[in-house]
Amino acid sequence: MAAWKLEPSPFFDSRFKRFQKKHANEAKAILNNLDTYVSTLNEGVHPINIKAGFIHHEPDGIKAIDQKGGKGKLMQSRLYIYPHTETKTLHVISIGNKTDQKGDINECRDYIKPLRKGKG
Amino acid sequence: MGKKYNNVLEMTKDISDEEDFNKALEEEIKNKQISKALFAMRCKAGLTQKELAEKAGFTQGKISKIENAFDNELTLNDLTKYCSAINMQIEIGFSNMETRLVDRVKHHYFALMECLIEMRHLAKGDKSIEEGVEKFHEEAFANITTGMLDCLLKVKIKEEKKPLHVSSPIDLKALLERREKALTPK
């Protein structure tokens, strides 16, 4: 069984660096949750069946992973991903605060449009 | 198409320049292997935290805590209850840290033999179960020899000129014929 691959968006790098600088603990907690998510995908579980408090199901199959489980008092944060089951590629799109959620989700929806079209 | 990574750590190390951050993340992921495996097993079983909590006699909060715990925070009692709620059992094994790979292969061979012997003992006296066990032995033989043959052929391709040291000569042709026979429905 082929393992899932992670593919960051072209703008993820700069977003992540900015976020990490201000909120290192939140970034660590989110990445740890992302690792749990990827491990579960690699166990052959369909994204629909991955249910936990740190996963939020957004429109168009986008998932938002939050900082739950991290140590200390952490700010509400979101990492936006899109699991493309046909290619077993987990698109890591963006990261941000809860306050920027609406704009971030719209941006993610635009980003995955061609991927969803390619799905046929 | 952008760059692809095999896992979160590989991606983070490539993106983040913060050495301490990367180290701390690596440590955390390494120390949560069991809870991550439990989480995956629950999802595979198609259960929510609430459903699993009811089966295990825990609260949902307790399940959440277990799924986020460091390996050294988990108790055997929690693990046993969690696993039995998803029809899994815990197997604890101890091995010498200096155990070589060849010894591990031998260990698995003996463990396999023990399982097959136990299976035959359990089936004794019941004709239908005995037949089932016989069939399973045939299937296991075919599968194991196929896998072993594959490994053997790979070794032979890489080291064609070196003699193969085995306790007795292996007749590959006969092995393949036996495998074919075992796979052919009666």
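Hydrogens, waters and symmetry mates are skipped; everything else that's a heavy atom, side chains included, is used. Naming convention: chains lettered A, B, ... in sequence-line order (proteins, then strands); numbering from 1 in each chain.
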Item checked: Atom of B:A40, atom of A:V45 and distance for their closest heavy-atom approach -> O-CG2, 4.0 Å
Note to self: As an exercise: rank A:V38, A:I50, A:L31, A:L90 by heavy-atom pairs under 4.5 Å with chain B and give me the winner.
What the structure shows: A:L31
Considering only heavy atoms, which portion of [X] lies under 4.5 Å from any heavy atom of chain B: side chain, backbone, both, or neither?
{"X": "A:P8", "result": "both"}
{"X": "A:A29", "result": "neither"}
{"X": "A:T89", "result": "side chain"}
{"X": "A:F54", "result": "side chain"}

Notebook entry, point to check: Taking every heavy-atom pair that is under 4.5 Å apart, which of B:K4, B:R42, B:E18 has the most such pairs with chain A?
Noted result: B:K4
Following the transitive rule for hydrophobic clusters with a side-chain heavy-atom cut-off under 4.5 Å over Ile, Leu, Val, Met, Phe, Trp and Tyr, establish whether [X] and [Y] coincide in one cluster.
{"X": "A:I55", "Y": "B:V8", "value": "yes"}
{"X": "B:L76", "Y": "B:M88", "value": "yes"}
{"X": "B:I86", "Y": "B:I66", "value": "yes"}
{"X": "B:I90", "Y": "B:L47", "value": "yes"}
{"X": "A:W4", "Y": "B:M41", "value": "no"}

Answer with side chain, backbone, both or neither: which region of [X] has an atom nearer than 4.5 Å to a non-hydrogen atom of chain A?
{"X": "B:A37", "result": "neither"}
{"X": "B:K32", "result": "side chain"}
{"X": "B:T48", "result": "side chain"}

Margin query: Using side-chain contact (heavy atoms from CB on, under 4.5 Å), reason through A:T40 and B:K44 one step at a time and then give a plain yes or no.
Written below: CA-CA 8 Å; A:T40 309; B:K44 215 170 186 178; over 6 Å; no
Note to self: With rounding to the nearest 0.5 angstrom, report the OG1 to CG distance, B:T12 to A:L34.
What the structure shows: 7.5 Å
Item checked: Separation between SG of B:C43 and NE2 of A:H46, rounded to the nearest 0.5 Å -> 13.0 Å
Check for a donor-acceptor pair, side chain of [X] on one end and backbone N or O of [Y] on the other, with a separation under 3.5 Å.
{"X": "B:K36", "Y": "A:N32", "answer": "yes"}
{"X": "A:K51", "Y": "B:Q49", "answer": "no"}
{"X": "B:N68", "Y": "A:G69", "answer": "yes"}

Atom [atom1] of residue position [X] - does it have more than 12 heavy atoms of other residues, nucleotides or ligands inside 6.0 Å?
{"X": "A:D110", "atom1": "CG", "value": "yes"}
{"X": "A:F11", "atom1": "CZ", "value": "yes"}
{"X": "A:K68", "atom1": "NZ", "value": "yes"}
{"X": "A:M75", "atom1": "CE", "value": "yes"}
{"X": "B:H108", "atom1": "NE2", "value": "yes"}
{"X": "B:F70", "atom1": "CZ", "value": "yes"}
{"X": "B:L112", "atom1": "CG", "value": "yes"}

Check: Could you walk me through whether B:K3 and A:E7 pass the salt bridge (Lys or Arg N to Asp or Glu O under 4.0 Å) check?
Finding: CA-CA 6 Å; B:K3 195 170 176 183; A:E7 187 177 332; over 6 Å; no
Check: Do the non-hydrogen side-chain atoms of A:F12 and B:I15 ever get within less than 4.5 Å of each other?
Finding: yes
Margin query: Go through it in stages, so that I can follow the logic: the residues are A:K28 and B:F21, the test is side-chain contact (heavy atoms from CB on, under 4.5 Å), and I'd like the CA-CA distance, side-chain angles, deciding distance and then a yes or no.
Written below: CA-CA 8 Å; A:K28 193 158 55 119; B:F21 178 92; 3.9 Å; yes
Check: Are a donor atom and an acceptor atom from the side chains of B:S16 and A:K17 found within less than 3.5 Å of each other?
Finding: no
